[in-house]
Amino acid sequence: MVEVKNLSKSFEGRMVLHDIDAVFETGKTNLIIGRSGSGKTVLLKNIIGLMRPDTGEILYDGRELIGMNKKELNVLRREMGMLFQGSALFDSMTVLENVMFPLNMFSNDSYKEREKRAMFCLDRVNLLDAEHLYPSEISGGMMKRAAIARAISLNPKYLFCDEPNSGLDPKTSLIIDELIHSITKDYKMTTIINTHDMNSVINIGENIVFIKEGIKEWQGDNHQVMTAKNQALNDFIFASDLFRKIKAVENQPEEG
Ligand SMILES: Nc1ncnc2c1ncn2[C@@H]1O[C@H](COP(=O)(O)OP(=O)(O)OP(=O)(O)O)[C@@H](O)[C@H]1O
Ligand SMILES: [Mg+2]
């Protein structure tokens, strides 16, 4: 479980996150949703320690991030897997070498063991055939899967994904969502995903934090999201025509 308490962040006197409180649960795909510029990436960067909040606490299963010394921070870093906007694979490395990279950096296992672990992760994302290919030789969806394999290579307790579906078609996005969801369940990870993809909200929104202009407006799950009374949330959700139509159908009185 990751807890954020009273987290605020400003840039040059402009407040971008206002006193955010949120709980991200273990074994669930937790989503941070909101419009472009609402503060999702800044929040995620604060959570993973890439940015320091002005005020507030971030607790990793009770362990407070801000006050950690270098050694404690290194322990925590090893428990985190990350998937950033774009897949950020190394172009000069094969898919297998990319997945082995964190293992080479952080693991004391033998080469054979590291390779075996990397192949296991590639199998998990259904990408064994692509092990010898370079990022330029595979599709965007395959790149995302390779990046997921790399993110889980060290068997993280916490997985962070910033817009994992950006640039993917709806079908491929669904495959990536399902993959992240099933990996989260299998390894009981605490997964936090930034997204504005409404399909993701509906499909894997087990715990959703909605932020608007840096303020947490609402928290709930994908069932509650469709009937929530929060105006800002509704404006966000039903900005898409499709979802407005779904809502209209659901609200129609039954015949008979
Ligand atoms: N390093 C920075 N310095 C100054 N302002 C920043 C910095 N990083 C982000 N911001 C500002 O903080 C606000 C929130 O940005 P953020 O990137 O978190 O939005 P977002 O919700 O992730 O948007 P998107 O959906 O487009 O990725 C924006 O107004 C942005 O300009
Ligand atoms: Mg962002």
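Both backbone and side-chain heavy atoms feed into the values below; hydrogens, waters and symmetry mates do not. Every number for a ligand or one of its atoms is a count from 1 in the order of the listing.
- At least one N or O atom of Val42, backbone or side chain, sits closer than 3.5 Å to an N or O atom of ligand 1.
- On a distance-only criterion, Gly37 and ligand 1 share at least one N/O pair closer than 3.5 Å.
- At least one heavy atom of Glu163 sits closer than 4.0 Å to an atom of ligand 1.
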I would like to know whether Asn165 and Ser200 meet side chain to side chain donor-acceptor pair (under 3.5 Å); could you show each step before the answer?
CA-CA 9 Å; Asn165 294 338; Ser200 305; 3.0 Å; yes
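- Within the 4.0 Å heavy-atom shell around ligand 1 one finds Arg35.
- In this structure, the side chain of Asn46 engages the main chain of Val42 through a donor-acceptor pair within 3.5 Å.
- In this structure, the protein non-hydrogen atom closest to atom 17 (O) of ligand 1 is Thr41 CB, 3.7 Å.
- Between Lys112 and Glu115 a salt bridge is recorded (basic side-chain N to carboxylate O distance below 4.0 Å).
- Remark: minimum distance from atom 4 (C) of ligand 1 to any protein heavy atom is reached at Phe11 CG, 3.3 Å.
- Crowding of Asn108 atom CG: a count of heavy atoms from other residues, nucleotides or ligands under 6.0 Å not exceeding 12.
- Considering Ser36, Ser166, Ser10 only, the shortest heavy-atom separation from atom 26 (O) of ligand 1 involves Ser36.
- For atom 25 (O) of ligand 1, the nearest protein heavy atom (residue, atom name, distance) is Lys40 NZ, 2.7 Å.
- In summary, the atoms of ligand 1 found under 4.0 Å from a heavy atom of His196, numbered by their order in the structure, are 25 (O).
- Note on Asp186 versus Arg124: salt bridge recorded, some NZ/NE/NH1/NH2 to OD/OE distance being below 4.0 Å.
- Cation-pi geometry between Arg150 and Phe90 is met: under 6.0 angstrom from the ring centre, within 45 degrees of the axis.
- By the 30° and 60° cut-offs, the orientation of the rings of Phe210 relative to Phe236 is tilted.
- Using 4.0 Å as the threshold, Gly39 has a heavy atom nearer than that to some atom of ligand 1.
- Using a 4.0 Å cut-off between heavy atoms, Val16 contacts ligand 1 through its side chain alone, with no backbone atom that close.
- Not one N or O on the side chain of Asp109 forms a donor-acceptor pair closer than 3.5 Å with the backbone of Arg114.
- Of the protein's non-hydrogen atoms, Arg14 NH2, 3.6 Å is the one closest to atom 11 (C) of ligand 1.
- Glu178 contributes no side-chain N or O that, together with a main-chain N or O of Ile175, makes up a donor-acceptor pair within less than 3.5 Å.
- With a cut-off of 2.8 Å, the Mg ion (ligand 2) has no N, O or S atom of Ser36 in range.
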